[in-house]
Structures are given as C-alpha cells and as structure tokens.
Protein chains: 2
Amino acid sequence: MTSATPPRSSRGPALTAGPQDNSVDDVMVLGLVSAFELATFARLAADADMAPDLRGRVMLTRSAAAAVDRRERLAARLVELGADPVDAMVPFTHVLDDFDVRTPPSTWWERLLKAYIGYGVADDLCRLLAGGLGERTRGVVLSALDDAPHSDLAEAELLQGSAGDDVLMSRLGLWGRRVVGEALGVVQGLAASHPELLRLATSALGPGDDTLQKLFGQLTAEHTRRMARLGLKA
Amino acid sequence: MTSATPPRSSRGPALTAGPQDNSVDDVMVLGLVSAFELATFARLAADADMAPDLRGRVMLTRSAAAAVDRRERLAARLVELGADPVDAMVPFTHVLDDFDVRTPPSTWWERLLKAYIGYGVADDLCRLLAGGLGERTRGVVLSALDDAPHSDLAEAELLQGSAGDDVLMSRLGLWGRRVVGEALGVVQGLAASHPELLRLATSALGPGDDTLQKLFGQLTAEHTRRMARLGLKA
C-alpha cells in the first residue's frame with residue numbers, strides 16, 4: 001500500500017494531492033460554503049418581503065434563486081466526491097446563529113451594511129480556505145464565490161443612500177465596527193471548532209503557529225478596504 | 001389599413017390571430033401568472049424557514065428558486081411582446097392579500113392544504129385563460145404551469161401525514177371547504193375587476209352569458225377531484 005502512495009510535500013497534502021487524497025477537506029469547505037449559501041437565500045428572501053417596491057422585490061427574489069443555484073453547483077461537486085450535500089452542511093448550519101442574535105439591524109441601512117460586511121468576511125474566508133483544496137473543488141468554490149453579486153449591489157445602494165448624510169455615515173461607521181467584530185468572532189469560533197480549517201488557510205498565509213493572527217490580519221485588511229469604498233472608517 | 005387586417009372569426013381573435021393581435025390579453029395573463037409565481041416564491045421561502053429539518057429546508061429553497069425560474073420564462077415572453085415584466089404584474093400583486101388574511105392556517109397541515117387547494121385553483125384558472133391566448137404565449141404559460149411540482153409534493157406529504165388519523169382528516173375536510181370558498185372568491189373578484197379575463201375563458205368554456213357559472217363549475221369539479229385524491233370530501 002505505502003509504495004502506491006505518492007510522497008507528500010512538507011506543506012501538507014492539500015497542495016499536491018489529487019481530489020481523492022484531500023476529499024475530507026473538500027467536503028468540509030464545500031459544506032461550509034453551502035451552509036453560507038443557504039443563509040444567503042434566507043436573508044435575500046426576507047429582504048424581498050421587506051422591499052419597498054415591486055421592482056426591488058423581483059430583483060431580490062432573483063438573487064435568492066441565484067444563491068440556490070450556487071449551492072446546487074457545490075452540491076454537484078459533493079456528490080462527485082461521494083458525499084451527501086445536506087449532511088455536509090450539518091456542522092455549519094448554526095454558525096451564524098449567534099452572529100444574528102448579537103447584531104439585530106434596526107434600519108434597512110444597517111441590514112444592508114451588515115450583509116455587506118458579513119458576506120465580505122465570509123467570502124474572504126472561503127476564498128482563503130479554497131486555496132488549500134484540490135484543484136477541481138477549488139475551481140467550483142471560487143466560481144461560486146465569484147458569481148455572488150451581493151456586494152456590488154449593496155455597495156451601490158449604500159453609497160447612494162448615505163451620500164452627503166454625515167449623521168447616517170457616522171452611525172453606519174459605528175455599526176460596521178460592531179458587525180465586523182462579531183463576524184471575526186464567528187471566524188474564531190469556527191477555527192476553534194474545526195481546527196482543520198485553519199490548516200487549509202496556511203497555503204495562502206504561509207506556515208507557522210500564528211495562522212489565526214495572520215488570518216485575522218488579512219480579513220481585517222480586506223474589511224478596511226471594503227469600508228473605504230463606502231467612505232466609512234473601519 | 002383595413003385591407004391588411006385578416007378577417008376575424010366569430011369566435012374572437014384569440015384562436016386565430018397571431019401574437020401581435022392579442023398581445024394585450026397575452027400581457028395580462030402573463031402578468032397574472034407572474035404575480036402568482038411571485039407569491040409562490042414568498043410562500044415557499046417562508047415554508048423553508050419553518051421546515052422541521054435541514055433536508056426539507058433545502059428542498060423548499062429549491063422549489064422557491066424554481067418559481068423564480070418559471071417567472072423568468074414568463075418575463076422573457078413579456079419582453080418579446082414589448083412589455084415590462086414588472087409593470088405587467090402590478091395589477092395582480094394584491095390579488096391574494098384578502099385570501100391570505102381570511103385563511104390564516106393554524107397548523108403545518110392547514111398551511112400545506114391551503115397551498116394545495118389555492119395553487120390548484122390558481123393553476124386551473126390560468127390554464128383555462130391560457131386557452132384564449134396566442135399559440136406561443138399559451139405554450140409558455142402552460143409549460144410554466146406544468147413545471148410546478150408543488151401539488152405532487154403537497155399531496156404526498158398530506159397523504160402520509162393524515163393516513164389513519166380520522167380527526168385530522170375531518171378537520172382538514174372542513175378547512176378545505178373554507179379555503180376553496182375563499183379561493184373562488186378571489187376568482188370572482190378577478191372576474192369583476194378584469195372582465196376581459198372572463199372573455200378569454202370562453203374558448204375553453206364555450207360562448208354564452210353564463211361564463212362565470214361555467215368557470216366556477218369547472219374549478220369546483222377539479223377541486224373535488226383533488227380533494228378526493230387526498231381521501232377528503234370537497
């Protein structure tokens with residue numbers, strides 16, 4: 001048996017091995033991203049119910065359907081790997097519960113900014129983790145993440161709504177700091193409950209004992225860039 | 001100008017004319033069916049939130065996305081006809097409001113049966129109206145209606161849940177009579193606010209002054225057949 005196993009590089013199996021060798025990691029990340037897409041659907045469907053006009057409502061139902069479509073593509077890859085797409089989500093379906101309880105938005109703008117920040121952090125995390133996966137799964141995950149247009153739409157709406165309104169800008173700045181703090185708390189919780197996720201991030205962040213710190217640094221830097229695009233201080 | 005217009009048959013323009021000639025009717029029915037699909041999305045998304053397990057939740061999000069996809073196909077036909085897909089829905093987006101206020105389900109079973117009956121009546125109505133449209137639009141509408149699998153799923157779940165439970169069966173029988181009464185009230189309201197809809201139904205129901213009575217007769221007969229499939233008395 002051992003002679004048939006290719007030698008593994010010191011950077012771990014994820015970067016050199018084929019899909020068969022790291023399918024446990026692939027299934028884990030596909031399950032995590034799928035669970036995020038399920039939450040995205042629920043958020044967008046609720047947004048559609050609250051939309052102030054019919055055109056907005058129609059657009060939001062379309063975005064919600066797109067989240068289902070992305071999850072289906074992840075599910076198809078899970079089936080290829082011999083995994084059950086629903087079972088793969090189970091460890092991650094309650095990951096955002098605490099986050100949602102601790103950040104109840106009180107206005108439409110807070111709701112929008114919360115989604116912009118939350119999905120921003122989630123997408124960045126998933127992108128980093130995808131770097132540690134087999135090539136085919138990485139491609140499926142990255143293409144799903146690239147197809148999610150929520151940040152562009154939220155950005156345009158936030159920019160338009162807050163333009164020239166200093167009071168709103170300052171409130172949203174405060175709100176953004178609270179939301180990103182809670183979002184990073186979710187990442188910390190995930191790293192604690194699934195330490196193997198952190199190992200996947202080393203391919204993007206380099207080896208060492210301080211992966212979590214480096215991960216936080218990168219996620220925070222991306223967040224700061226996103227807030228700057230809205231004219232808000234992170 | 002008149003010499004270029006083909007002679008119209010005594011049965012009205014809907015059966016013989018091309019899409020250009022009856023595009024007002026086409027737009028009206030496409031708008032009505034689109035508005036129903038928008039309501040279907042909202043209902044299924046809410047169901048997904050309430051689903052007792054993850055597998056059911058995932059399935060319901062998929063059904064909700066399918067309702068968006070069907071609406072998109074209707075929207076594509078509206079665009080072909082030079083109409084705005086959102087504007088076409090406007091006259092019909094509140095058609096179900098009263099129905100929903102008057103039939104608040106108190107259990108999951110009542111919710112399921114309400115959808116089964118409500119969509120049943122709505123689909124039958126739309127099918128009858130489609131008979132009066134131009135061939136191409138009729139095809140688009142009928143194919144959208146045929147792709148809606150909600151009745152099969154609800155039927156299977158209701159049959160399984162109520163099997164052998166005489167008390168539940170009798171309660172659901174009562175509930176079904178109340179729901180279908182309100183659903184027929186919606187049809188009556190639609191016929192009053194959009195008398196041109198009724199005219200479209202004459203191609204299926206034959207000419208005469210009693211189209212509304214014939215329409216009610218046909219919708220009731222279909223409803224009775226549906227209830228019988230559940231072992232319930234209509």
Side-chain angles (χ1 to χ4, degrees), chain A residues 30-79 83-97 100 144 147-149, chain B residues 30-79 83-97 100 144 147-149:
Chain A
L30 288 164
L32 175 67
V33 183
S34 300
F36 282 150
E37 292 293 359
L38 193 63
T40 301
F41 170 87
R43 205 270 300 181
L44 290 167
D47 282 358
D49 264 355
M50 288 180 212
D53 62 61
L54 186 58
R55 209 163 290 274
R57 185 175 163 204
V58 164
M59 202 188 68
L60 286 160
T61 64
R62 218 179 282 140
S63 302
V68 172
D69 176 68
R70 294 194 297 274
R71 202 194 59 225
E72 296 283 76
R73 281 149 52 194
L74 301 165
R77 178 60 184 149
L78 280 162
V79 169
D84 179 286
V86 174
D87 289 345
M89 277 191 277
V90 168
F92 305 111
T93 43
H94 295 289
V95 157
L96 298 177
D97 289 358
D100 279 327
D147 276 1
Chain B
L30 287 164
L32 175 67
V33 184
S34 299
F36 281 148
E37 293 293 1
L38 193 63
T40 301
F41 171 86
R43 204 270 299 183
L44 290 166
D47 282 358
D49 264 354
M50 289 180 209
D53 63 61
L54 186 59
R55 207 163 291 274
R57 187 175 162 203
V58 164
M59 201 188 68
L60 285 161
T61 63
R62 217 179 284 141
S63 302
V68 173
D69 176 69
R70 292 193 299 272
R71 202 194 58 224
E72 296 284 75
R73 280 149 52 195
L74 300 165
R77 178 59 184 149
L78 280 162
V79 169
D84 179 285
V86 174
D87 290 343
M89 277 190 280
V90 168
F92 304 111
T93 44
H94 295 289
V95 156
L96 298 177
D97 289 358
D100 279 328
D147 275 2

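The sequence lines fix the lettering, A, B, ..., with proteins before strands; numbering per chain opens at 1. These numbers were taken from a predicted model, which means no experiment stands behind them.
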Where on A/Thr93 is there a heavy atom nearer than 4.5 Å to chain B: the side chain, the backbone, both, or neither?
side chain

At a 4.5 Å cut-off on heavy atoms, which part of A/Val68 comes close to chain B: side chain, backbone, both, or neither?
side chain

What's the verdict on side-chain contact (heavy atoms from CB on, under 4.5 Å) for A/Phe92 and A/Val33, showing C-alpha distance, side-chain angles and the deciding distance?
CA-CA 9 Å; A/Phe92 305 111; A/Val33 183; over 6 Å; no

So do the side chains of A/Pro85 and A/Val79 get within less than 4.5 Å of each other, counting heavy atoms only?
yes

Of all heavy-atom pairs linking B/Phe41 and B/Ala64, the shortest is CD1-O, 3.4 Å

Picking from A/Val90, A/Asp49, A/Asp84, A/Asp69, which has the most non-hydrogen pairs under 4.5 angstrom with chain B?
A/Asp84

For the salt bridge (Lys or Arg N to Asp or Glu O under 4.0 Å) test, which of A/Arg70, A/Arg73, A/Arg71, A/Arg43 pairs with A/Glu37?
A/Arg70

